[in-house]
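Contents: one structure, followed by commentary.
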Amino acid sequence: MTLPRTIGYTIVLLAILYSLEKQGYTQSVKVFFEGLMAQSASNARDKRAIASNASFNNSSTDYVLQAVVNISEQDLLNLRALLKTLSLPLTINSSAEVTSIQTTTVCSPNITGYQCRCEQNFTWSYNSCIANGACDAIIDDTCGCINALPADSQYCQLKTQPVTTPTTPLPPTTQVTTPTTPLPPTPQVTTPTTPLPPTTQVTTPTTSLPPTTQVPADFDAIVDLQIPVSTAPSNIFDILRNALRNISFPFAINEYLQVTSVNFTTECYPNTTGELQCQCEPQFAWPCSKCKFYNACSTDTLQSCACLNTLPYDEQFCEPITSVICTTTTTTTTTTTVTTPITPTTIITTPTTIITTPTSIIITTTTAPTTPGTAPTTPTTATPPPTTTTTQTTTNTTTTTTTPTTATPPPPTTPTTIITTPTSIITTTTTAPTTPATAPTTPTTATPPPPTTTTQTATTQTTTNTTTTTTTTTTTTTTIPPQVEKSSFTMDLTFNNSFNNPSSTMWKDISSAIQTQCQKYISALVKANLIGFRSGSTIADYNISAPSLNVTEIGAVKTGIFTQLANTYPIIFDSPSSLIFTPQSAFYGETVTVTCGPPPANLNFGNNWIAEWKHDNSPLPADIYKYSFSTNSGAGTATLTLSNVISTDSGTYECKLIRGTDSASFRQTYDKFYVTAKPVIKVSPVKINVECFLGNSVTLNCSVDSSTYNVEFKDQPAAGNGSSISFKYTISSTQDCTTKIFTCQVKSDSTQSSTITLNILTGNFVCHDPVYGDGKINDIAAGPCQGSNEVGQIIKICLSSGWVEQQNDCVLKPIFDLLVQSESLTSTTLPSLLSELSNATLKYTNQVVGSLATINATIQILTNVANASSSLLISITNSSMKDVLITSGILTTAKSSWETLNKDSNGNSSLTNSSISKNESISSKFLQSIEQITRRLTNDSFDISTDYIILNKTTFKDNFNAEFNSSVDVAISEATGENKLLTIITFSLMDNVLPARNELNLDSPEINGKVVLIQSSANVSNISLTFVVTNDSLKNPECVFWNFNLFSGLGGWDNTGCKLVNNNQTVTCNCNHLTSFSILMSPFSTEDPVLDYITYIGVSISMASLIICLIIEAVIWRKIRKNNTSYLRHVTIVNIAVSLLIADIWFIIGAAISAAKDENTAACSTATFFIHYFYLALFFWMLASALLLLYRTVSVFDGGLSKTSMLVIGFSLGYGAPLIIVVVTIAATAPGQAYIQGAKICWLNWNKSKALLAFVIPALTIVVINLIILLVVLYKMLRRRVGGASHAAERNALVVIARTLAVLTPFFGITWGLGIGTMTDPYNRGLLIAFALFNSLQGFFILVFGTLLDKKVCMSIFKYNLLLSKVLS
């Protein structure tokens, strides 16, 4: 049974693909299946979905495979019976199954040749019926039988499919051909021949291998791998060879099928001219006919060669050297012949076709020998050649089998199978040797012809019935088979099926021209015929057959056909040469010139013509900024100039010179022009310092990002060259202690280079690193980016802790390439660049949002797009705007990155060629680019919804009211103009991008609503916006818009022209202009008149009290210096009063700075510093006073520390400790610029850095310590008896100190305890009023309890008044 073998042949395709996939060539497998699904021409069948199956998902696809084998008549009957009983589907594995198997065509020999009949439900197409002769009636343009095997290898089609013309894609089929029972021998035949057996065609829509108990069939298969040059590594052939070496043979696919060996025969790769150069592997060679016809590129002295400068037209591959035959032999035989009537002798050779691919892998196994045949006659020796099966296809392949004629009927042979696809083509080759047979004649030698690509019809020879004795000399020559060239030409006509009618005028004219020109120019022409017409404009296909063909003859035929038909049809002459590109490949931003023509002189094309250009099959648009066209009629050339090329300029180009007299044209193409980014050369280190001492060495590294380039160090041959190289530089003498610059350059293009700078110095270095070198404090060094897909450098600074990153300029390579391309945009290139930008940001989202330099580069691209669209008046379409919004939305998600960028006023990267000025923020630039691009939107109504941004564009007449994204209501009541356009963009996360800086008196403001951008073609002077707040805990709303001119160009929120209308769960604003709006709200409400009155009146009373206190102290200063305790008490009171007075003065200054229209962060920070410092000094002098009290209470008053010592301790504690705390606080908050709350609130920050704790914690700690000291002192004083060791004055001073501390400590403690309460509950009005009241009366309490309640002070004042009154009187 041959069915298992037939199915096994189809399985071989899966076997090879499985092997390739195991070796890592998944892309080849993908390409294969994609190609299989897109098959065309004679073997294509439309793909269709497979029904759901328990083991196959809904996305499965049905593939149709074809097999051709030789079977006997009995096997054919068995096959049909088996197919009827076969249980389908047949499962191959978890991802493939056979769903159905059908036979389509049965071909068997007759007297004159083949007769091919269709199986049930199949039929021959009309053209097949006409071209090959129908052997039954033609009904509905179809027939069921033809008298020949079609030369185009098409077989019967389903009756449900169109079959009227060959242009309709025919379904791929599987043909199974087996030998049938031979015809009985005829005694009168001198050299009888046997026609070929019938063939049967079986269609198997997929592959499977059912169980079989038959002896395994061995067969050969050819695999064709087509790999795009752009994606193939330079060592692709080595990879394939290694992959084959790593496969262990035999390789079992399953229990029915295994691969026994694999040979790599042919490799083809484009050369410098764009043509394929095909090289044979060792032990393989091209036949001598190929070497002569196609010009061998090797220097072989033999007739065979190992290399051709092109791919053969007949698509054959290298053959084993042992099978390459190039010799001619002559033999002479004397034969006595008795002439009698001869029976008809038939010689039939079936068509043979061949594969062409750039890369070929031949998988071979052994063949099964056949059984010898015998007859009781005088022996005759017949030596048939091996049966060879090959395939010819461009996108699809079918196969037939060539069987030589023999002296006796051939025994059954091993079946052969062809399985092909547009990209991966498998061909099997079966060799069936035969044994000698006998015939009743005088011994003679019959040499069957070798495999040939020509089909010969059967011929019959008859002689008279006479007897003659003659001597005949027979020369037997091994000849090269005729070559068949399939060619075509195109006419600029819309295709119509009627063209394929042989009786049509076009068919006759074209056929006549082909015949005429082939007879004129092809020597020893065998046959030339028109095959038919197909779509693609209108393409005429024809065949030329001759013993030998050369390029000159074929070119002459094409020229002759063009000349003969040009006056009748708009024929296109396709130039054999390509367009000339200067340069042949380009980098982004370069200018390229393309030259077309001239037409060959023998075309007589003339000077009256126009030029048309196409790119990727589309006409070039009218873009004066991108394309420049010129012609030179005298020279017959046309020129295209491409300016500022980018990646989208890559592709195929076509030029057509159209003659004005008859519409005939000359066409020239270029298959693939490449525009690429300049090679990125990475060096390490970049710029470093190196300590100078003999023997010190530095390893210099250089690499290039493309495997197509090699790099080298200039003037350093020892470093060698390659895609990645290194070189160790060693300091060999003191003369090397200078600056050294090393240049790493592309070997083939020295203009592409990068440098390494070594500053070789002496000194004391504290930083050491192999990449950043040696450094002193504050030295700067540059190093390479860490990511392999990044461009730029990292700047580090040397600190005492080592090298610390200062700036990271590393930009993602795809974004950097787009940035370069965006510098020169046109209406043609802008849409494609935006599409690539959105794809890149989606693909590399994490890398984009995590890199400050990449964010900056992306915004620069958007800015370039905005500038180009405005200056060139380029309209932004729906799709382009969606790309902009996708990219922008991803950028808004980078919250932490934007926080860092907004701290740096410009956020610039050295790689972005940015136009961002020092006074322009990156966030402001981002919003401005979106606004500019939005103004260039086309005048259409549409909606765009992305993950983070929603755009709505609509029209209105008088009024407009709508809700957007459930977050913003927009109402327009007054607008001028008719049919007005309105564009509204709602941003979900723009609050991450835009900082909340503003000119309003807001404490820690936050953006508390969606940012919405509104533009209109009308002049809108009254627009109402209702925002849904995002944080209900925030108060004090302000309606604002983004003003790009605020803060010296940095931009900020402004409320000019906007006012708050309603604040009740939602915030309603009314504005008299359009731009980008939102609302700002603060966690603190600053508008409370009661608080203002209490604060300002209290501070005034406090300052007046403190001044009075200091005046009194000055008056009585001489009288209080009688003992140390009293003296030190007054020193502490004076410093407490001075500290609080200065703090109050700076409080007033800070309030004035906050109220100013222009923000002055530096002045506000200065005011906060002094307020912070002197408030802390107040508390530390209170601590000094408490410590003095404790010291004098627990020690002997007249002993211990001197007055000077205690003064030093007091001043160090009172002013030194606060200074340390303030300086540390500023240093800790400086990196985040979070020392103050804002330019409008001159006080310590709380929400961001908690800097306020640097005051609260020390103050409350001192309060607690003072209370503890008071308890200790009170205990000690109560236990002492009056008249103890202390003097009365000393005791009085201690009592005053204790009383002062007992009052002021709780008072200050309560004051700042209320301050903590206001931080935890900022909206508690009672706490705020209490805190303001206590805080403003501190000076008054110091005057009363520190000075006026001291009896000695009162007595001194009284005496002073008496003295003063006497003096005055």
Side-chain angles (χ1 to χ4, degrees), residues 800 1099 1102-1103 1106 1109-1110 1113 1128-1151 1153 1160-1188 1190-1191 1201 1203-1237 1241-1246 1248-1266 1269 1301 1304-1305 1308-1309 1311-1312 1315-1316 1335 1338-1339 1342 1346:
S800 58
V1099 169
S1102 178
M1103 292 179 65
L1106 293 172
C1109 177
L1110 292 175
E1113 292 291 336
L1128 293 174
R1129 185 191 79 80
H1130 284 279
V1131 169
T1132 58
I1133 287 296
V1134 168
N1135 281 283
I1136 288 173
V1138 169
S1139 297
L1140 184 57
L1141 179 61
I1142 296 175
D1144 285 343
I1145 293 172
W1146 276 106
F1147 175 81
I1148 293 174
I1149 295 173
I1153 294 172
N1160 192 332
T1161 304
C1164 192
S1165 298
T1166 302
T1168 303
F1169 168 82
F1170 285 110
I1171 295 171
H1172 185 198
Y1173 176 71
F1174 283 106
Y1175 267 129
L1176 282 176
L1178 164 70
F1179 278 91
F1180 276 96
W1181 274 110
M1182 286 183 63
L1183 176 62
S1185 180
L1187 293 175
L1188 173 64
L1190 178 64
Y1191 176 72
L1201 295 174
K1203 182 171 65 175
T1204 303
S1205 299
M1206 286 189 288
L1207 285 175
V1208 171
I1209 294 172
F1211 276 91
S1212 298
L1213 184 63
Y1215 294 115
L1219 182 62
I1220 293 173
I1221 294 174
V1222 173
V1223 171
V1224 170
T1225 303
I1226 292 175
T1229 57
Q1233 297 182 357
Y1235 179 61
I1236 63 174
Q1237 291 199 22
I1241 304 294
C1242 296
W1243 184 226
L1244 297 173
N1245 186 284
W1246 170 252
K1248 191 172 183 180
S1249 65
K1250 300 295 186 291
L1252 185 57
L1253 294 176
F1255 170 73
V1256 172
I1257 292 176
L1260 295 184
T1261 301
I1262 291 173
V1263 168
V1264 173
I1265 293 173
N1266 285 3
I1269 290 175
L1301 289 177
L1304 294 184
T1305 298
F1308 286 150
T1311 299
W1312 291 104
I1316 295 175
N1335 192 44
Q1338 291 176 110
I1342 291 172

> Among all residues two or more places apart in sequence or in another chain, which pass the side-chain contact (heavy atoms from CB on, under 4.5 Å) test with Val1138?
Replying inline: Leu1110, Val1134, Ile1142

> Atom CD in Gln1338, atom CG in Leu1106: separation rounded to 0.5 Å?
Replying inline: 9.0 Å

> Sequence neighbours excluded, which residues qualify as ring pair (Phe, Tyr, Trp, His ring centres under 6.0 Å) partners of Tyr1175?
Replying inline: Phe1255, Trp1312

>> Just to verify, what does Tyr1235 make a side-chain hydrogen bond (donor to acceptor under 3.5 Å, both in side chains) with, not counting sequence neighbours?
In response: His1172

>> Taking side-chain hydrogen bond (donor to acceptor under 3.5 Å, both in side chains) as the definition, give me every residue that meets it alongside Thr1168, ordered by chain and number, with sequence neighbours left out.
In response: none

> In chain order, what residues pass the ring pair (Phe, Tyr, Trp, His ring centres under 6.0 Å) check against Phe1170, with sequence neighbours excluded?
Replying inline: Trp1146

Would you give me the side-chain donor-acceptor pairs under 3.5 Å for residues 1258-1265, sequence neighbours excluded?
residue : atom : partner : partner atom : Å
Thr1261 : OG1  : Ile1257 : O            : 2.6

> Under a 4.5 Å cut-off applied to non-hydrogen side-chain atoms, are Met1103 and Ile1148 in contact?
Replying inline: yes

>> Which heavy atom of Ile1171 sits nearest to which heavy atom of Ala1143, and what is that distance?
In response: CG1-O, 4.1 Å

>> Ignoring hydrogens, what is the shortest heavy-atom contact between Gly1339 and Ser1102? Give both atom names and the distance.
In response: N-OG, 3.0 Å

> How far does CG of Leu1140 sit from CZ of Phe1147, to the nearest 0.5 angstrom?
Replying inline: 11.5 Å

> Less than 4.5 Å apart, any side-chain heavy atom of Ile1133 and any of Cys1109?
Replying inline: yes

>> Quick check: closest heavy atoms across Asn1160 and Ile1153, and the distance to 0.1 Å?
In response: O-CG2, 4.1 Å

> Taking only residues two or more places apart in sequence, or in another chain, which ones meet Ile1209 in a side-chain contact (heavy atoms from CB on, under 4.5 Å)?
Replying inline: Leu1201

> Who passes side-chain contact (heavy atoms from CB on, under 4.5 Å) against Ser1249, sequence neighbours left out?
Replying inline: Thr1229, Ala1234, Asn1245, Ala1251

> Side chains of Met1182 and Thr1132: closer than 4.5 Å at any heavy-atom pair?
Replying inline: no

> Do you know the tightest heavy-atom contact between Ser1139 and Ala1177?
Replying inline: OG-CB, 3.5 Å

> With sequence neighbours excluded, what pairs up with Ser1205 under the side-chain hydrogen bond (donor to acceptor under 3.5 Å, both in side chains) test?
Replying inline: Ser1202

> Do you know which two heavy atoms are closest between Asn1266 and Ala1186, and how far apart they sit?
Replying inline: OD1-CB, 3.2 Å

>> Rounded to the nearest 0.5 Å, what separates atom CG in Leu1183 from atom CD1 in Ile1269?
In response: 6.0 Å

> Got a donor-acceptor contact below 3.5 angstrom from the Ser1165 side chain to the Thr1161 backbone?
Replying inline: yes

>> Can you confirm whether Ile1342 sits close enough to Leu1178 that some side-chain heavy atom of one is under 4.5 Å from a side-chain heavy atom of the other?
In response: yes

Just list the side-chain donor-acceptor pairs under 3.5 Å for residues 1211-1224, sequence neighbours left out, or say none.
residue : atom : partner : partner atom : Å
Ser1212 : OG   : Val1208 : O            : 2.8
Tyr1215 : OH   : Asn1135 : OD1          : 2.7

